[in-house]
Amino acid sequence: MAAKLATVPRDRWRAPSRARVERIRDRLRDVYGVPVQPPHEDPLAELVLTVLSQSTNDRNRDVAFLRLRDRFDTWEAVRDAPVPEVEEAIRPGGISKVKSQRIHDILVAIEAANRVDGLDLGWMRDVPVAESRDFLCDLPGVGRKTAACVLLFSYGLRDVPVDTHVSRVGMRLHLLRPGAPFEELHDEMLALTPPGAELEFHVNLLRHGRRTCHAQRPDCAACALRRTCPEKRV
């Protein structure tokens, strides 16, 4: 079982050098390759999909999403439907009562913001990333990770989602300050990621967290990053 990672105080923290970040990026490339995922340009679908991904696995998330799209023809129909109907549609994704209300509240809030007519979020492609991020984070239950997923996967914009896998691997490698709050982790991850490598770094750190650097009993002996990891275990 992995030992608890000790928090590093902010005044003692030194961000990793660019050379070290590049070495880790190159080693992850050797193991996992360079992911290719062109922007799909559907931010509203990405937003709902990310809400559905909370506290479940990818398979259950995808089943819930497909059931929702099969049940309702448009996002306006989802917004206007009784919440229990949305809850029934997304039930395979888990905690459907909470997620159905959150999806409803998000869609209502987008409409109420009156940025454009309807539920179109296409304007985010052409404005500063910070403006889009702030808009998303003002929606009910939407935080930095969800906003980053929408911006990165929809339009390839410069943001990096930091989920539990990315944060765990990043802190163990001391790419990110151990014990930092998620807001700081997102800022640090964005600062250290080379421009254009946002998708690659996110996906490969996530893959490493799922396959090797597990929360409990990380497989340090087989880890491709063991030589550069301050938290390696024998």
Looking only at non-hydrogen atoms, find the nearest pair between [X] and [Y] and report the distance.
X	Y	answer
H104	R79	ND1-O, 3.1 Å
L173	P230	O-CD, 3.6 Å
T146	T50	OG1-CG2, 3.6 Å
E198	D159	CB-O, 3.6 Å
L175	P16	O-CD, 3.5 Å
E85	R71	O-NH1, 3.8 Å

Tell me, please, which residues at least two apart from F135 pass ring-ring contact (aromatic ring centres under 6.0 Å, His included).
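Checked F135 against ring-ring contact (aromatic ring centres under 6.0 Å, His included); matches are W123.
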Expected output: side-chain [X] to main-chain [Y] donor-acceptor under 3.5 Å:
X	Y	result
R144	L185	no
S100	K97	yes
R177	V8	yes
R102	V51	no
K99	E87	no
H174	G170	no
H202	V160	no
R158	L190	yes

Could you go step by step and tell me if D163 and R210 meet the salt bridge (Lys or Arg N to Asp or Glu O under 4.0 Å) rule?
CA-CA 11 Å; D163 62 6; R210 286 179 170 175; 5.7 Å; no
Side chains of R217 and H214 only: does a donor on one sit below 3.5 Å from an acceptor on the other?
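Looking only at side-chain atoms, H214 and R217 do not form any donor-acceptor pair under 3.5 Å.
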Do R61 and Q54 pair up side chain to side chain, a donor and an acceptor below 3.5 Å, judged on atom types alone?
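Result is no, nothing qualifies.
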What pairs with R125 under side-chain hydrogen bond (donor to acceptor under 3.5 Å, both in side chains), at least two apart in sequence or on another chain?
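Listed in chain order: nothing, the list is empty.
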Between I106, L107, D120, which is the residue that forms a side-chain contact (heavy atoms from CB on, under 4.5 Å) with L44?
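So, applying the side-chain contact (heavy atoms from CB on, under 4.5 Å) to L44 and each of I106, L107, D120, only L107 qualifies.
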V166 vs F201, test: side-chain contact (heavy atoms from CB on, under 4.5 Å). Steps then yes/no.
CA-CA 9 Å; V166 173; F201 222 29; over 6 Å; no
Check whether more than 12 heavy atoms from other residues, nucleotides or ligands sit under 6.0 Å from atom CG of D70, and answer yes or no.
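Yes, because the 6.0 Å sphere around CG of D70 holds more than 12 heavy atoms from other groups.
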Apply side-chain contact (heavy atoms from CB on, under 4.5 Å) to N204 and R207, showing your working.
CA-CA 5 Å; N204 282 350; R207 287 170 171 167; 3.3 Å; yes
Are any of the side-chain heavy atoms of L49 and F153 separated by less than 4.5 Å?
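A side-chain contact is absent here, since even the closest heavy-atom pair is not under 4.5 Å.
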Determine whether Y155 and H40 make a side-chain contact, defined as any pair of heavy atoms from C-beta on separated by less than 4.5 Å.
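Y155 vs H40: side chains apart.
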Go through the steps for L119 and E111 under the test side-chain contact (heavy atoms from CB on, under 4.5 Å), then give the verdict.
CA-CA 6 Å; L119 295 174; E111 180 78 16; 3.8 Å; yes
Any salt bridge between R27 and D30, counting N to O under 4.0 Å?
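Judged by the 4.0 Å cut-off on N to carboxylate O distance, R27 and D30 do form a salt bridge.
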May I ask you to say whether D219 pairs ionically with R211, meaning some side-chain N is under 4.0 Å from a carboxylate O?
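So D219 does not pair with R211 through a salt bridge.
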Could you go through V86 and F72, starting from their C-alpha distance and side-chain angles, then the distance that decides it, and tell me whether this counts as side-chain contact (heavy atoms from CB on, under 4.5 Å)?
CA-CA 9 Å; V86 177; F72 302 101; 4.2 Å; yes
